[in-house]
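Scroll down for the structure; my scribbles are underneath it.
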2 protein chains.
Amino acid sequence: MDNVEFATALHTLTLLAGSEDVVSSAFMASSINVNPVVVRKSLARLRSLGLVETREGKGGGARLAKPASSILLSDIYKAVNKAPLLGRTNHPNPDCPVGRQINERLYTLYEEADKAILEKLESITLADFRSKFK
Amino acid sequence: MDNVEFATALHTLTLLAGSEDVVSSAFMASSINVNPVVVRKSLARLRSLGLVETREGKGGGARLAKPASSILLSDIYKAVNKAPLLGRTNHPNPDCPVGRQINERLYTLYEEADKAILEKLESITLADFRSKFK
DNA sequence: CATACTGTAATATTTTTTATTACAGTACAA
DNA sequence: TTGTACTGTAATAAAAAATATTACAGTATG
């Protein structure tokens, strides 16, 4: 479903929160232990939501677009999770009365569960998270 | 990770909540549009948590082990989700100070997010969910 | 203009999920 | 007491999803 890993995005942003100047995708990739392309894809999402700025060319890389204290973990979640976590592909039989109706009910439920996560993540800033490290 | 789909389990239980006598895995599978073996695996989890009873042999099948009004959607979630939803495989580089510490912090965060979902699901009984259908 | 980056597409590989097959065990019913 | 209709579960196959790799055009810097 072309999802980007939340952990990758949060790890990336945590690294950026600890650096004044731009950081290259290669450096971050080696810290996260994933491929640089994965980091760049993740950054593309974060950039589209205004969380990071990137600079191309020599000496380029990424940095936070605003203070870590004003980035909520829910912002990251939204950037990265397109579909509700709990829902997956589910194709009930249209001839079954329960099957027919259940999908919309499930979807509503999944959205509620997602909202519960979001509310939790809204209460934590990137600066909070980052401050847990020495 | 050998996870069982929450939607499959809930669909199964919704069918059982609407029937007095036992229902076969083949019938439920055709409503859900999955393989009967997937339904039986799901039922195995639900049975181990005391949510359903199954009967082997001819005329066998499954039924609720207790009233739908006393089954919480969080019970189903617990039966089915072994690991937190938000966490996935993540193997940061042990030589990076951030990478080294981040895993345990992430895990704590994932558990908190999971708790948020659980609290939401605790507020809904299977009977509530089922009552939404005619 | 050489160098060191980003952006992104195309493809391959790996991992995870789901399906299928197979078959032993159990209960009912003629 | 035997055939029938189920469950339980393991082993394997297939499909789907995530991740890695390769490739290369574009861009900023010195």
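Just so we're on the same page: letters track the sequence lines, and every chain starts at 1.
- A heavy-atom distance below 4.5 Å is not found between the side chains of B:Thr54 and B:Arg40.
- Linking Ile, Leu, Val, Met, Phe, Trp and Tyr whenever their side-chain heavy atoms come within less than 4.5 Å leaves B:Leu49 and B:Leu72 in two separate clusters.
- The interatomic distance linking A:Leu43 (CG) with C:dT8 (P) rounds to 11 Å, in whole Å.
- Taking a 4.0 Å limit (strictly below) on heavy-atom distances, residues 16-24 of chain A reaches DNA chain C at A:Ser24.
- The hydrophobic cluster containing A:Ile124 also contains A:Leu46, counting ILVMFWY residues as joined when their side-chain heavy atoms lie under 4.5 angstrom apart, directly or transitively.
- Contact detail for B:Ala113 and A:Ile117: the closest heavy-atom pair is O-CG1, 3.9 Å.
- Inter-residue side-chain proximity for B:Ser19 and B:Asp21 is flagged as met; some heavy-atom pair is nearer than 4.5 Å.
- Taking 4.5 Å as the limit, some side-chain heavy atom of A:Lys78 sits within range of a side-chain heavy atom of A:Leu118.
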Could you pull out all donor-acceptor pairs under 3.5 Å where a side-chain atom in residues 56-70 of chain A meets a protein atom, sequence neighbours excluded?
from    : atom 1 : to      : atom 2 : distance (Å)
A:Arg63 : NE     : A:Glu53 : OE1    : 3.3
A:Ser70 : OG     : A:Pro67 : O      : 3.0

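- In the hydrophobic clustering of ILVMFWY residues, with side-chain heavy atoms under 4.5 Å counting as a link, B:Val52 and B:Phe27 come out together.
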Pull out every protein N or O sitting under 3.5 Å from an N or O of nucleotides 20-24 of chain D, one pair per line with the distance.
from   : atom 1 : to      : atom 2 : distance (Å)
D:dA20 : OP2    : A:Asn35 : N      : 3.4
D:dT21 : OP2    : A:Asn35 : ND2    : 3.1

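- Here C:dT8 presents its C1' atom at 14 Å from CZ of A:Arg45, a figure rounded to the nearest Å.
- Axis angle across the helix from C:dC1-D:dG30 to C:dA30-D:dT1, with five pairs used at each end and values rounded to 10°: 10°.
- DNA chain D lies under 4.0 Å from at least one heavy atom of each of the following residues of residues 49-66 of chain A: A:Glu56, A:Gly57, A:Lys58.
- Taking 4.5 Å as the limit, every side-chain heavy atom of B:Leu15 sits out of range of all side-chain heavy atoms of B:Val23.
- Contact between the side-chain N/O atoms of B:Arg47 and the OP1/OP2 oxygens of D:dT7 is not found at any separation under 4.0 Å.
- In this structure, the CG atom of B:Leu46 is 15 Å from the C1' atom of D:dG8, given to the nearest Å.
- Side-chain contact between B:Thr12 and B:Leu43: present, with at least one pair of heavy atoms (C-beta onward) separated by less than 4.5 Å.
- A:Gly18 and A:Arg130 make their closest contact through CA-CZ, 3.9 Å (heavy atoms, listed as atom of the first residue, atom of the second, distance).
- In this structure, B:Ser42 contributes its side chain and B:Val38 its backbone to no donor-acceptor pair below 3.5 Å.
- Sequence neighbours left out, the pairs with a member in residues 113-128 of chain B that pass side-chain hydrogen bond (donor to acceptor under 3.5 Å, both in side chains) are B:Tyr77-B:Asp114, B:Thr125-B:Asp128.
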